[in-house]
Amino acid sequence: MTLTFYNTLTRRPEPFTPAEPGKVRMYHCGPTVYRRPHVGNFRAFLFADLLRRVLERRGFEVQQVMNVTDVGHFTQEDEDRGEDRMEMESRLTGKDPWQISREITELFESDMARLRAKKPMVRPRATDHIPEMLQMVDTLLAKGVAYRAGAGGQNIYFSVNAFDRYGELSGNRVEALEAGARIEVNPEKKHPADFALWKSDPKHIMKWKSQFGEHGFPGWHIECSAMARKYLGDTLDIHTGGEDLVFPHHECEVAQSEAATGRTFVRTWMHVQFLKVDGGKMSKSLGNVYSIDDVVARGFEPRHLRFLLLRAHYRAPLNFTWDAMTDAKGAIDRLASFLWDVKSCVIKGAAPGVDEAIAKARAGFDAGLDDDLNTAAATAAIFELVTDVRAKAGAPMKLSRAQAEAISQLLDEFDAVFDILTPEPLSDVERTEVESLVAERQSARARADYARADEIRKILTEKRVIVEDSKDGVRWRRM
RNA sequence: GGCGGCAUAGCCAAGUGGCCUAAGGCGACUGAUUGCAAAUCAGUUAUCCCCCGGUUCAAAUCCGGGUGCCGCCUCCA
């Protein structure tokens, strides 16, 4: 099986080979930091983490970059008010936009850490790369694919007619865009689909002095082109983002970057389908824009959310509901309990059929991941291992040492990709408390005070601790 | 108006021409085990893949037509 990814550009799955053997250059569109990230954002960001881990499993050296957009960007509507997302949030909260972006960036980083996403090589911020953006704008002007407009020529636009492949990624045709009623006619633009590279507005709070004037700020798309080029070079192997970014954002990135460098910007484009919540689009008015704290407040750990978001195929619809969270948690617990039994199994002779089951599970796991990151199929292979081994090794589980180690090893490999099996650790205080409750329960049981014993178990369950009694004594673990 | 995606058991979700009398998970139910549980084991839980028509020796899978849901075209992952 070869590693295959669906490429948005060609609209078909393709065998993946990086431009430079053994090394993958990968860029992800990260968050716009004006509001706390929610479960929907995490689907896209955790997909990036999954992709990295799968590439690493396949032996590639991965150079991973995920940007942070800490500049607001105009919408057409906002433009009339001279206010962008970041500045609107600023007006609503009374905070300085710089402060908002700083705070949200910190939240984003800590949320990602709680979700066990590996840190990318760089998390560049747009505001730290204004010179790189300006330089690219200069290049585009020099090549004649961009033009100056407005008073004093302080606004710079990219001319879509100067780039024939404009529309190739998204399937939009320039003529269709022209005819579309949804593009407001901006008299400064030569073509309605032309997009801003740099704009000027003295009223803006976040603004920079440049060769184009005193009070400028970058267009939305130029940041990614500039930062991707700085850290990864002219050509990226993979660029990812949410499906909403295909147009206009990624379409415009291609145009700018390729017009500027004359090289292919991205070899494989991968886009994650939007997460649904309660069957529809999440919205603030429905109150279903959940943050990681909302998830934790409902008694889940971040890793439960991580698994929910990762185990469905990234290009298939996924519906976030609290039932689905419970489901994900239950599924993790099945694996955890299996691993627990394997680690405490009775070492005996080799159980028949187990070696075959392990080999089959590993093959199924890899085949799933290789097939455009089909995590549903990959996890199914691991669950089949659980069923097979349980059926063959008996209860209590009897395995040879080599078999027990091979199973642990495979589950470790699974967890190197999914990273969901280790519970949040208990603090020393909590651990001591749990241990004394377990001991107290044992003595209650010894004197046949089952009412007290059950009461203690209930307390432990609330602390997400499972106690199991057996002939060999009691054991407990964190769910 | 333009572009795209999806419809599989109570719920989540693989499978895209024969190995499907349809993976896997959650949940539920019956029996075993247990002080009771938990976990585990044995078994049950879609005769069928939104509907209609067609192609084919063969379709959940291909084609045509419906219906429903979702997304993009405007800030959004």
Side-chain angles (χ1 to χ4, degrees), chain A residues 11 28-32 34-35 37-48 69 72-79 84-86 88 170-173 175-177 179-184 193 220 240-249 251 271-276 279-282 307-308 311-313 315-319 321 323-335 337-338 340-341 364 368 371 374-384 386-387 390-391 393-397 445 448-451 453-454 457-458 461 466-471 475-477 479:
Chain A
R11 290 167 183 75
H28 315 288
C29 280
T32 302
Y34 69 100
R35 202 170 281 162
H38 54 252
V39 288
N41 296 307
F42 296 139
R43 184 181 196 192
F45 303 150
L46 288 178
F47 164 73
T69 297
H73 293 290
F74 279 136
T75 64
Q76 201 65 44
E77 201 182 322
D78 296 331
E79 201 160 339
D84 66 29
R85 266 312 213 248
M86 202 80 88
M88 181 168 67
S170 62
N172 285 316
R173 279 158 298 133
E175 315 83 72
L177 291 169
R182 305 190 69 157
I183 296 183
E184 293 283 327
W220 174 30
T240 77
E243 59 172 342
D244 57 312
L245 297 181
V246 177
F247 189 88
H249 187 52
E251 191 73 66
H271 292 96
V272 184
Q273 189 159 118
F274 256 47
L275 180 75
K276 292 201 281 184
K281 193 172 178 170
M282 70 178 77
F307 192 47
L308 171 65
R311 72 167 161 165
H313 186 80
R315 286 189 295 110
L318 173 63
N319 190 15
T321 59
D323 278 353
M325 280 298 302
T326 305
D327 188 299
K329 185 180 176 196
I332 290 174
D333 204 48
R334 178 167 165 81
L335 290 175
S337 130
F338 174 66
W340 199 29
D341 284 345
D371 180 18
N374 189 338
T375 49
T379 52
I382 298 299
F383 280 102
E384 280 179 71
V386 175
T387 306
R390 288 225 186 263
M397 199 175 274
R445 289 183 71 221
D449 182 357
Y450 295 119
D454 290 349
R457 181 164 49 213
K458 205 176 155 205
T461 304
I466 298 180
V467 247
E468 292 184 7
D469 306 322
S470 76
K471 287 189 214 80
R475 60 177 188 172
W476 66 271
R477 71 184 162 95
M479 282 179 75

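If you're wondering where the values come from, they're calculated on a predicted model, not measured in any experiment.
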Notebook entry, point to check: How do A:Lys276 and A:Val386 order along RNA chain B: which one's closest nucleotide is nearer the 5' end?
Noted result: A:Val386
Mind checking [X] for me? I need base, sugar-phosphate or nothing, with any heavy atom below 4.0 Å counting as a touch.
| X | value |
| --- | --- |
| A:Arg315 | nothing |
| A:Tyr450 | base |
| A:Met325 | nothing |
| A:Gly171 | nothing |
| A:Ala376 | base |
| A:Ile382 | nothing |
| A:Ala381 | nothing |
| A:Asp341 | sugar-phosphate |
| A:Gly394 | nothing |

Check whether any side-chain nitrogen or oxygen of [X] sits under 4.0 Å from OP1 or OP2 of [N], and answer yes or no.
| X | N | result |
| --- | --- | --- |
| A:Ser170 | B:rC72 | no |
| A:Arg35 | B:rC75 | no |
| A:Asn319 | B:rC69 | no |
| A:Arg457 | B:rA37 | no |

Next item on the list: Could you let me know what B:rG68 is paired to, Watson-Crick or G-U wobble, both distances under 3.5 Å, or none if it's on its own?
Entry: B:rC6
Note to self: Any strand counts, and the cut-off is 3.5 Å on both contacts for Watson-Crick or G-U wobble. Which nucleotide pairs with B:rC19?
What the structure shows: none
Can you tell me whether the side chain of [X] and the base of [N] have a donor-acceptor pair closer than 3.5 Å?
| X | N | result |
| --- | --- | --- |
| A:Asp323 | B:rC26 | no |
| A:Asp327 | B:rG27 | no |
| A:Arg445 | B:rG35 | yes |

Could you give the distance separating [M] and [N] at their [atom1] atoms, to the nearest angstrom?
| N | M | atom1 | answer |
| --- | --- | --- | --- |
| B:rC19 | B:rA37 | C1' | 42 Å |
| B:rG15 | B:rA7 | P | 10 Å |
| B:rG5 | B:rC63 | P | 12 Å |

Check: Donor-acceptor pair, A:Glu243 side chain versus A:Phe274 backbone, under 3.5 Å?
Finding: yes
Note to self: Within the structure provided, determine whether A:Arg334 and A:Thr387 are in side-chain contact (heavy-atom separation under 4.5 Å).
What the structure shows: yes
Margin query: Counting only side-chain heavy atoms from C-beta out, which of B:rG35, B:rG25, B:rA14 sits nearest to A:Ala316?
Written below: B:rA14
